[in-house]
**Student:** 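First, the structure itself, so that you have it in front of you.
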Amino acid sequence: MAVTYDKIAYPLIENGLKKIIDNEFNNVYVSPIFKMLGNECIRINLLSSTNLETSNAFEQREYNVIVRYYFLGDMSVSYVNESVKNKIDKLRKHLLDNQTANTSSAKWVELSVNEIEYNIEDDENEDNNIFICELNLTLINYNPI
């Protein structure tokens, strides 16, 4: 007998975030692997999922997602630095404006921006002049069974 299940992680969490962020920003993609799109892009990557509560009627899971904002340019220029930080603030506010989502393409009962880390230095910007900012999100999905 075939197993029936609900598709949540990619279509309702990762792709749901993409569709919401796409409303305000360009070059948004879902992938565990970095690729620079233009001189500015946003990458969404699901890291983990934890069971909060399960019963015979529902399941509630917490999804941990990173949203990375990338900017290729000279951050030592004051107005560029200010502009990039303003865009990160705008991204944070846009996410908080969508703390709940219950549509056919996005579904969560809570979204939290837990931490924002600026000027990430790792292998993604090792050979380039790429500024990376990482937003750590928690989304809680409530799914009737």
**Student:** Taking NZ, NE, NH1 and NH2 as the nitrogens, is one of them in K93 or D97 under 4.0 Å from a carboxylate oxygen of the other?
**Tutor:** yes
**Student:** Identify the residue among I44, I42, I120 that makes a side chain to side chain contact (heavy atoms under 4.5 Å, CB included) with R68.
**Tutor:** I120
**Student:** Rounded to the nearest 0.5 Å, how far apart are CD1 of I13 and CG of L111?
**Tutor:** 9.0 Å
**Student:** Give, for atom CG of D22 and atom CG of N15, the distance between the pair rounded to the nearest 0.5 Å.
**Tutor:** 8.5 Å
**Student:** Under the side chain to side chain contact (heavy atoms under 4.5 Å, CB included) criterion, do L139 and L17 qualify, and how do the steps go?
**Tutor:** CA-CA 10 Å; L139 294 92; L17 276 170; 4.1 Å; yes
**Student:** From N81 CG over to F71 CZ, what is the distance, rounded to the nearest 0.5 angstrom?
**Tutor:** 9.5 Å
**Student:** What distance separates I21 CD1 from N27 CG, expressed to the nearest 0.5 Å?
**Tutor:** 12.5 Å
**Student:** Side-chain contact test, heavy atoms from C-beta onward, threshold under 4.5 Å: evaluate it for E14 versus N45 and give yes or no.
**Tutor:** yes
**Student:** Hey, mind stepping through I88 and F131 against side chain to side chain contact (heavy atoms under 4.5 Å, CB included) and telling me if it holds?
**Tutor:** CA-CA 12 Å; I88 294 165; F131 174 82; 3.8 Å; yes
**Student:** Could you tell me whether the side chain of S112 and the main chain of N114 form a donor-acceptor pair under 3.5 Å?
**Tutor:** no
**Student:** Assigning hydrophobic clusters by single linkage (Ile, Leu, Val, Met, Phe, Trp, Tyr; side-chain heavy-atom cutoff under 4.5 Å), is Y142 placed with Y63?
**Tutor:** no
**Student:** With side chain to side chain contact (heavy atoms under 4.5 Å, CB included) as the criterion, how do E53 and F58 come out once you've worked through the C-alpha distance, each side chain's angles and the decisive distance to 0.1 Å?
**Tutor:** CA-CA 8 Å; E53 187 175 359; F58 71 90; 3.6 Å; yes
**Student:** Is Y70 reachable from L37 through a run of I, L, V, M, F, W or Y residues, each pair having side-chain heavy atoms under 4.5 Å apart?
**Tutor:** yes
**Student:** Given side chains that start at C-beta, do those of V113 and L135 come closer than 4.5 Å, heavy atoms only?
**Tutor:** yes
**Student:** Evaluate I33 against R43 for side chain to side chain contact (heavy atoms under 4.5 Å, CB included), listing each step before the verdict.
**Tutor:** CA-CA 9 Å; I33 299 169; R43 179 172 67 92; over 6 Å; no
**Student:** Decide if the gap between the ring center of Y69 and the ring center of F25 is smaller than 6.0 angstrom.
**Tutor:** no
**Student:** Over all heavy atoms of both residues, which pair between L12 and S104 is shortest? Give the atoms and the distance, please.
**Tutor:** CD2-O, 3.6 Å
**Student:** Identify the two heavy atoms, one from G16 and one from A106, that lie closest to each other, and give their separation to 0.1 Å.
**Tutor:** CA-CB, 3.7 Å
**Student:** Which distance, rounded to the nearest 0.5 Å, do you find between the CD of E124 and the CE of M36?
**Tutor:** 10.5 Å
**Student:** When you measure from the side chain of N141 to the backbone of W108, do you find a donor-acceptor pair of N or O atoms at a distance under 3.5 Å?
**Tutor:** no
**Student:** Heavy-atom distance under 4.5 Å between the side chains of I140 and Q60, does that happen here?
**Tutor:** yes
**Student:** If I compare all heavy atoms of K107 with all of N102, which pair ends up nearest, and what's the gap?
**Tutor:** CG-OD1, 4.0 Å
**Student:** Minimum heavy-atom separation for N125 to I130, with atom names?
**Tutor:** ND2-O, 3.1 Å
**Student:** Output the distance between atom OH (Y118) and atom NZ (K85), rounded to the nearest 0.5 Å.
**Tutor:** 7.5 Å
**Student:** Is a donor from one side chain sitting under 3.5 angstrom from an acceptor on the other, for K19 and N23?
**Tutor:** no
**Student:** With the side chain counted from C-beta on, respond yes when R92 and I116 share a heavy-atom pair under 4.5 Å apart, and no when they do not.
**Tutor:** yes
**Student:** State, to 0.1 Å, how close I20 and H94 come at their nearest heavy-atom pair, and which atoms those are.
**Tutor:** O-NE2, 2.7 Å
**Student:** Can the positive tip of K35 be found less than 6.0 Å from the middle of the six-membered ring of Y29, inside 45° of the ring normal?
**Tutor:** yes
**Student:** Given 3.5 Å as the limit, does a donor-acceptor pair link the side chain of E115 with the main chain of N136, or not?
**Tutor:** no
**Student:** So which heavy atom on A9 is nearest to which on L46, and how close?
**Tutor:** CB-CD2, 3.7 Å
**Student:** Holding to side-chain contact (heavy atoms from CB on, under 4.5 Å), I want the full list of residues that pass it with S78, two or more places apart in sequence or in another chain.
**Tutor:** none
**Student:** Check the hydrophobic clustering (I, L, V, M, F, W, Y; side-chain heavy atoms under 4.5 Å; chains of links allowed) and say if F34 and L137 are grouped together.
**Tutor:** no
